[in-house]
Amino acid sequence: MTSVPPRDRSAMDLAELRAALGGTMIENRYQPIVAIADRRVIGLEALARLNHPEHGTLMPDRFVPQLEDAGLGAELTDLVSARAFADMADPWLVDHGIRMSVNFPLDVLLEDAALQRLESLRAACNVPAARIVVELTESRPVEDFPVLRRSLERLRTLGYGAAIDDAGSAVPRLRELLDLPFTSLKLDKALVKGVAGSGAVRDSVAAIIAQGKCRDLTVVAEGVESATVWDQMRALGVDEAQGFLVARPLPLAAVPAWSAGWATAGPGQDVSVPG
């Protein structure tokens, strides 16, 4: 008799996934992005967390792929975006002109309806499109570049920024992606962390940065977790940094207090607030 492997207790079935999207299990956290030149706070990236009644707080890699596989990626994107845009009315964010980055899976970004919903959500919260960056997260490789170009051109025409997330040498046809109308690229955190230990990785990162710079893209380093990495990214010409050295993903209410600590900290001093 063939044995049946036990069900992963942390995995959720379709009904649980739908319930999570319709209730209060999913919440937003915000990870700050700062300028390397002067440490100024530039923006926040909206990140989802799922508070499961049995398994505690789940990170995105524990539930986002399941949602996308179940065809619920658009619903999650709308939920996180709606909450992020509503939170942008926070006086501190308004006073500091903070931009907001929201993640869009490739499949969602290519949908005309998704872009229409994005505009409706933004308009309902009266947030200028110029304060929003849509980050392309590739759950699968880009196959139809003309269709993606049209989606990006529409975003840009409406005033949004557009970023390539997790840019690295392993991304298929990266050069072609960089030729699309993006405004920024975010270096893959594994490459950023690998610069210190490998000359080959450093050369690869330097080449990607050069490609971005010649296209007038803002270059953001993700995964900056030490002063050494911060200094390396600055030396390579990276514009902005994001990572645990700066801050962990935070509840919105914790961002102003974190910012006050960040503004007075010395170079390389970790002032992250537990999220």
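The backbone N or O of Gly261 sits less than 3.5 Å from a side-chain atom of Thr264, completing a donor-acceptor pair. Side-chain N or O atoms of Arg99 include none that pairs as donor or acceptor with a backbone N or O of Val133 at under 3.5 Å.
When all heavy atoms of Val34 and Val41 are compared, the pair lying nearest together is CG1-CA, 4.1 Å. In terms of heavy atoms, Leu109 sits closest to Leu152 at CD2-CD2, 4.2 Å. Minimum heavy-atom separation, Pro249 to Phe244: CD-CE2, 4.2 Å. Taking all atoms of both residues into account, the shortest heavy-atom contact from Ala48 to Pro60 is O-CG, 3.3 Å. Residues Ile98 and Met88 share a closest heavy-atom pair of O-CE, 4.0 Å. Heavy-atom minimum distance, Trp262 versus Val246: CZ3-CA, 3.9 Å.
Arg40 meets the salt bridge (charged side-chain N to carboxylate O under 4.0 Å, His left out) test with Asp38; sequence neighbours excluded. Under the rule for a side-chain hydrogen bond (donor to acceptor under 3.5 Å, both in side chains), the partners of Lys193 that lie at least two apart in sequence or sit in another chain are Glu225. Residues satisfying the side-chain hydrogen bond (donor to acceptor under 3.5 Å, both in side chains) test with Gln232, not counting sequence neighbours, are none. Checked against side-chain contact (heavy atoms from CB on, under 4.5 Å), Pro53 has the following partners two or more places apart in sequence or in another chain: Met25. Every residue meeting the side-chain hydrogen bond (donor to acceptor under 3.5 Å, both in side chains) condition with Asp239, not counting sequence neighbours, appears here in chain and number order: Lys213. Shown here are the side-chain hydrogen bond (donor to acceptor under 3.5 Å, both in side chains) partners of Thr57, two or more places apart in sequence or in another chain: Asn51. For Ala129, the side-chain contact (heavy atoms from CB on, under 4.5 Å) criterion is met by Arg122, Tyr160, not counting sequence neighbours.
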Got a list of side-chain donor-acceptor pairs under 3.5 Å for residues 178-185, not counting sequence neighbours?
unit_1 : atom_1 : unit_2 : atom_2 : d
Asp179 : OD1    : Arg215 : NE     : 2.8
Asp179 : OD1    : Arg215 : NH2    : 3.0
Thr183 : OG1    : Ala162 : N      : 2.9
Thr183 : OG1    : Ala162 : O      : 3.0

Quick one: side chains of residues 70-80, donor-acceptor pairs under 3.5 Å with protein atoms, not counting sequence neighbours, listed by atom name and distance.
unit_1 : atom_1 : unit_2 : atom_2 : d
Thr77  : OG1    : Gly73  : O      : 2.9
Asp78  : OD1    : Arg117 : NE     : 3.4
Asp78  : OD2    : Arg117 : NE     : 2.5

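In this structure, the side chains of Asp165 and Leu136 stay at 4.5 Å or more apart for every pair of heavy atoms. Between Ile33 and Gln31 the shortest side-chain heavy-atom distance does not fall below 4.5 Å.
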Next item on the list: Take Arg173 and Phe145 through the test side chain to side chain contact (heavy atoms under 4.5 Å, CB included) and record every step on the way to the result.
Entry: CA-CA 10 Å; Arg173 303 168 71 180; Phe145 279 79; 3.2 Å; yes
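Membership of an apolar cluster is not assigned to Met59, as no side-chain contact below 4.5 Å to another ILVMFWY residue is traced.
Residue pairs meeting the ring pair (Phe, Tyr, Trp, His ring centres under 6.0 Å) criterion with at least one member in residues 14-33: none, sequence neighbours excluded. The ring pair (Phe, Tyr, Trp, His ring centres under 6.0 Å) analysis of residues 68-123, with sequence neighbours excluded, yields the pairs Trp92-His96.
Of the inter-residue distances, the one linking His52 atom NE2 with Arg62 atom CZ reads 9.5 Å to the nearest 0.5 angstrom.
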